[in-house]
Amino acid sequence: MPELPEVETVRRGLTNLVKGAIIRKVEVPYPKVVTSDLTEFKSDLVGRTIEKIDRRGKYLLFRFSNNLTMVSHLRMEGQYSVEPEGAPLRKHTEVVFHLEDERQLFYNDTRRFGRMTLVKTGDELVTVSGLKDLGPEPTEEDLKLSYLKEIFNRSHRMVKTFLLDQSNIAGLGNIYCDEVLWMSKIHPETTTDKLSDRKLSELRKNIIAEINRATAHHGTTVHSFSNIFGETGQFQNELQVYGRAKLPCLRCGTTLEKIKVGQRGTTFCPKCQVKKV
DNA sequence: CGCACTGTTTTGAA
DNA sequence: TTTCAAAACAGTGC
């Protein structure tokens, strides 16, 4: 499901619904989802308040009282839902947080790729792989052009693959990568060191703008994504290339092509996005 | 039925 | 050190 705008949508929904709630009991029907000690996971959260929910890249950070943080990554199809106490588990419910107020928070995950781990607050930045090496957020303040120039010039990887690497920039996934490359008129297989400073600046602006715009639309619903209220995002109506292979480019009319780049399906316009060699 | 595809990340090997 | 393919898993569509 989720790239940064979708995870941020989930974060806001969770904040509305369960911020301030107290955990009464934790059940883990699918133990593999918890990568930290399972016994501690089930016992340590009992009695704790969900004080805040943060996000970093595609990671959700549940801040509990007494300096505990639960790191949750939804991977492909992870999803939270809030139900009345006693509601039956869903087919793919992996964790149940019973709350003190007659509700329960479910973590559901059809493909079972999502993972969560419990750490002492602050430790996530040193112990959680993926999180500790995460690149800057795609924002005006955090994503400096000088930084991009440096990492792009140093690498010889294809730009699409490079943007998907979360240690370079946090939060972009397959959909928004294809979108920003189309917007910036960059062929996905161009190697990063071939991009001019001017192109890089354009790409940076497009990344920031696109992520902001998608977040404002509550994210994109392609397969299964819906927010905690069960509402779908609206941004799929705004996509220019993703999911439009064989359809005309909305800028020049050329038929969009779909190829594989670094084992990910990649849609682009062969006329607008010419590979620089 | 078999195969390819799907919004992600980690792992191990080259 | 850097980069890449396979694997983790379930569902859907051809």
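Predicted, not measured: the structure shown is a model, and the values here were computed from it. Each chain gets a letter, A, B and so on, in the order the sequences are listed, and its residues count up from 1.
- Summarising the geometry, the separation between CE on A:M116 and P on B:dT8 is reported as 18 Å, rounded to the nearest angstrom.
- The closest donor-acceptor contact from the side chain of A:R48 to the backbone of A:S65 lies under 3.5 Å.
- A cation-pi arrangement is present between A:R112 and A:Y30 under the rule of less than 6.0 angstrom and at most 45 degrees off the ring axis.
- Within residues 142-166 of chain A, the residues approaching DNA chain B are A:Q166, by heavy-atom distance under 4.0 Å.
- Taking atom P in both C:dA5 and B:dC5, one finds a spacing of 15 Å when rounded to whole Å.
- There is a side-chain donor-acceptor pair under 3.5 Å between A:S81 and A:E83.
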Interface polar pairs with nucleotides 11-13 of chain B, N/O, under 3.5 angstrom:
none

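- The line from OG1 of A:T139 to CD1 of A:I207 is 11.5 Å long, rounded to the nearest 0.5 Å.
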Using nucleotides 12-14 of chain C, report all nitrogen or oxygen pairs with the protein that are shorter than 3.5 Å.
none

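- Between the CD1 atom of A:I169 and the P atom of B:dT8 there is a distance of 14 Å, rounded to whole Å.
- For A:H92, whose side chain is taken as the heavy atoms from C-beta onward, the closest listed nucleotide among B:dT10, B:dT8, C:dG11 is C:dG11.
- Comparing the P positions of B:dG12 and C:dC9 gives a spacing of 15 Å, expressed to the nearest Å.
- Across all strands shown, A:F235 has no heavy atoms under 4.0 Å from either base or sugar-phosphate atoms.
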Report task. Map every base of DNA chain B to its dot-bracket character, where paired means a Watson-Crick or G-U wobble contact with both distances under 3.5 Å and | marks a partner outside the strand. Result -> .|||||.|||||||
Extract from the structure each pairing of a protein N or O with an N or O of nucleotides 6-9 of chain C at less than 3.5 Å, listing the distance.
| unit_1 | atom_1 | unit_2 | atom_2 | d |
| --- | --- | --- | --- | --- |
| C:dA6 | N7 | A:Q263 | OE1 | 3.1 |
| C:dA6 | N7 | A:Q263 | NE2 | 3.3 |
| C:dA6 | N6 | A:Q263 | NE2 | 3.3 |
| C:dA8 | O3' | A:K32 | NZ | 3.3 |
| C:dC9 | OP1 | A:K32 | NZ | 3.0 |
| C:dC9 | O4' | A:R111 | O | 3.3 |
| C:dC9 | O2 | A:R111 | NE | 2.8 |
| C:dC9 | N3 | A:R111 | NH2 | 3.3 |

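- Across all strands, A:G265 comes closer than 4.0 Å only to sugar-phosphate atoms, never to a base (heavy-atom distances).
- When rounded to the nearest whole Å, the span between CG of A:N108 and C1' of C:dA10 equals 14 Å.
- Taking atom C1' in both B:dA4 and C:dA6, one finds a spacing of 16 Å when rounded to whole Å.
- Remark: side-chain polar atoms of A:T9 are paired, donor with acceptor, to backbone N or O of A:P5 under 3.5 angstrom.
- Each side-chain hydrogen bond (donor to acceptor under 3.5 Å, both in side chains) pair with one or both residues in residues 164-182 of chain A, not counting sequence neighbours, appears once here: A:E6-A:Y176, A:R157-A:D165, A:K160-A:N174, A:K160-A:D178, A:D165-A:S167, A:Y176-A:T220.
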Query raised in the report: Hey, mind stepping through A:E202 and A:R198 against salt bridge (charged side-chain N to carboxylate O under 4.0 Å, His left out) and telling me if it holds?
Result: CA-CA 6 Å; A:E202 190 184 340; A:R198 189 190 159 87; 5.6 Å; no
